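All remarks here apply to the structure that follows.
Heads up: numbering here begins at 1 and tracks the sequence. Predicted, not measured: the structure shown is a model, and the values here were computed from it.
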Amino acid sequence: AATPAPAPPVAAPPPSPVSTARTLRDCADCPEMALVPAGSFEMGSNEMFEFEKPVHPVTLKSAFYIGVNEPTFAPWEACVAQGGCQRRASDRRAGRGERPVTDIHWDDANAYAAWLSVRTGKRYRLPTESEWEFAARAGTTTSYPWGRAVEVDKANCNGCNPQPRRQTTPVGQFPANALGLHDMAGNAAEWVADCWADNYRAKPRDGSAFATPGCRERVLRGGSFNNDPRYLRSAARFKYE
């Protein structure tokens, strides 16, 4: 989709923490999805990196659903078996089953969403970067969904716990955020729909994805088990081919 022109800045109301979330599952072995309500928030951070700036208001006019957990190997292998996904993803000898699927390309992630769409007759897609951060924050304005600093046993990362796991863990092992979403911080980094930009100056303010012709670098969010806590902040972002 073409990049929409930036909307004029508007004052965003303070976010309201969400205590419960409605969920659905479109088939017996489909991922559980949680409802993310429409709303406004301040996206980005002035804490560390230039590519997280400027902090800017974003308004999401429509609610959407997002996975309660990161996609796991079990449905991924079903997607491969049915021809929807082409890559037999590596688990780095950590184990498969209910661990998040790892070492997949952005195109692979889109193929998985397309397979779910065909199976269910519903529209599955990658979240936009704005949608992802809004869902990860779940009404918070702090560095992490749980507060301003790293806390023990909140996430799987290098430096989050006294005994680092050094690999992914089965999904849902750490506390969910206020929307009921697990592992938005740590475990496995997550692809979003957007092309990479070195800052937010040209990024849309309506929650849509940022797209450029011939885009070669896409955005990853959330950090992983081998990242230090700086990269698990709700505003942290990465790029990869």
P54 side chain near R201 side chain, heavy-atom distance below 4.5 Å: yes
Within one Ile-Leu-Val-Met-Phe-Trp-Tyr cluster: V58 and V219, side-chain cutoff 4.5 Å: yes
Residue list, side chain to side chain donor-acceptor pair (under 3.5 Å) with K122, at least two apart or on another chain: D26
Donor-acceptor pair, distance only, cut-off 3.5 Å: does the side chain of W76 make one with the backbone of R87? yes
Are the side chain of T23 and the backbone of A34 linked by a donor-acceptor contact shorter than 3.5 Å? no
Can you say whether the rings of F49 and Y231 are parallel (under 30°), tilted (30 to 60°) or perpendicular (over 60°)? parallel
A side-chain contact here means heavy atoms from C-beta on lying under 4.5 Å apart; do Y124 and Y65 qualify? no
I'd like to know whether R125 forms a side chain to side chain contact (heavy atoms under 4.5 Å, CB included) with E131, so could you lay out the CA-CA distance, the side-chain angles of the two residues, the decisive distance to 0.1 Å, and finally the verdict. CA-CA 12 Å; R125 59 173 174 82; E131 289 171 338; 2.9 Å; yes
Indicate yes or no: does R237 engage E133 in a salt bridge with an N to O separation below 4.0 Å. no
Please check if the side chain of R25 supplies one atom and the backbone of C30 the other of a donor-acceptor pair under 3.5 Å. yes
Side-chain heavy atoms nearer than 4.5 Å, only ILVMFWY residues, links allowed to pass through others: does that put V171 and L181 together? no
Rounded to the nearest 0.5 Å, how far apart are CZ of F64 and CG of L60? 6.0 Å
Locate the shortest heavy-atom distance separating A74 from E98; write the atom from each residue and the value. CB-OE2, 4.0 Å
Cut-off 3.5 Å, side chains only: do E47 and S143 have a donor facing an acceptor? yes
Can you confirm if the aromatic rings of W196 and F51 lie within a centre distance of less than 6.0 Å? yes
Please determine if R96 and E77 form a salt bridge, counting it only when a charged side-chain N lies under 4.0 Å from a carboxylate O. yes
Is it the case that the side chain of T102 and the backbone of D91 share a donor-acceptor pair, with hydrogens and angles ignored and the cut-off at 3.5 Å? no
Rounded to the nearest 0.5 Å, what's the gap from CG on D194 to CZ on F210? Could you check? 8.5 Å
Run L126 and W106 through side chain to side chain contact (heavy atoms under 4.5 Å, CB included) and show every step you take. CA-CA 9 Å; L126 293 181; W106 185 83; 3.4 Å; yes
Does any N or O in the side chain of R205 come within less than 3.5 Å of the main-chain N or O of K203, such that one atom is a donor and the other an acceptor? yes
Show the nearest heavy-atom pair for residues A235 and R137, with the distance to one decimal. CB-NH2, 3.6 Å
Grab the two heavy atoms, one from P37 and one from L35, that are nearest each other, plus how far apart they are. CD-O, 3.8 Å
If hydrophobic clusters are built from ILVMFWY residues whose side chains come within less than 4.5 Å, do V192 and F238 share one? yes
In the structure I gave you, are the side-chain heavy atoms of F225 and T169 within less than 4.5 Å of one another anywhere? no
Contacts table for residues 149-158: side-chain donor-acceptor under 3.5 angstrom, sequence neighbours left out:
| unit_1 | atom_1 | unit_2 | atom_2 | d |
| --- | --- | --- | --- | --- |
| N156 | ND2 | Q167 | O | 3.0 |
| N156 | ND2 | N187 | OD1 | 3.0 |

Roughly how far, to the nearest 0.5 Å, is CD1 of I104 from OH of Y112? 9.5 Å
Is the backbone of A236 close enough, under 3.5 Å, to the side chain of R221 for a donor and an acceptor to pair up by distance? yes
Below 4.0 angstrom, N of the basic side chain to O of the carboxylate: do E52 and R233 qualify? yes
Search all heavy atoms of E42 against all heavy atoms of V55 and return the closest pair with its distance. OE1-CG1, 3.6 Å
Flag side-chain contact, heavy atom, 4.5 Å: C27 against R119: yes
Any salt bridge linking R92 with D103? Criterion: basic side-chain nitrogen under 4.0 Å from a carboxylate oxygen. yes
Rounded to the nearest 0.5 Å, how far apart are OG1 of T140 and CZ of R148? 10.0 Å
What's the spacing between S234 OG and F41 CZ if we round to 0.5 Å? 10.0 Å
Can you tell me how far CZ of F134 sits from OG1 of T128, rounded to the nearest 0.5 angstrom? 11.0 Å
Is a donor on one side and an acceptor on the other found under 3.5 Å between the side chain of N177 and the backbone of P145? no
Does H105 NE2 have over 12 foreign heavy atoms under 6.0 Å away? no
Heavy-atom donor-acceptor pair, H182 side chain to E70 backbone, under 3.5 Å: no
So if you build clusters from Ile, Leu, Val, Met, Phe, Trp, Tyr with side-chain heavy-atom gaps below 4.5 Å, do L116 and L24 land together? yes
Could you list the cluster mates of V68? Members are the ILVMFWY residues connected by side-chain heavy atoms closer than 4.5 Å, either directly or through other members. none
Using modelled atom types and a 3.5 Å cut-off, is there a donor and acceptor pairing between side-chain atoms of W115 and backbone atoms of G83? no
Starting from the C-alpha separation in whole Å, work towards a yes-or-no answer on side chain to side chain contact (heavy atoms under 4.5 Å, CB included) for Q86 and V80. CA-CA 6 Å; Q86 302 303 311; V80 172; over 6 Å; no
Can you list the steps and then say if E129 with M43 is a side chain to side chain contact (heavy atoms under 4.5 Å, CB included)? CA-CA 10 Å; E129 188 171 15; M43 183 175 181; 3.7 Å; yes
Tell me whether Y144 contacts the main-chain N or O of P229 through its side chain, where contact means a donor paired with an acceptor under 3.5 Å. yes
Between L179 and L232, is there a shared hydrophobic cluster once you connect ILVMFWY residues whose side-chain heavy atoms come closer than 4.5 Å? no
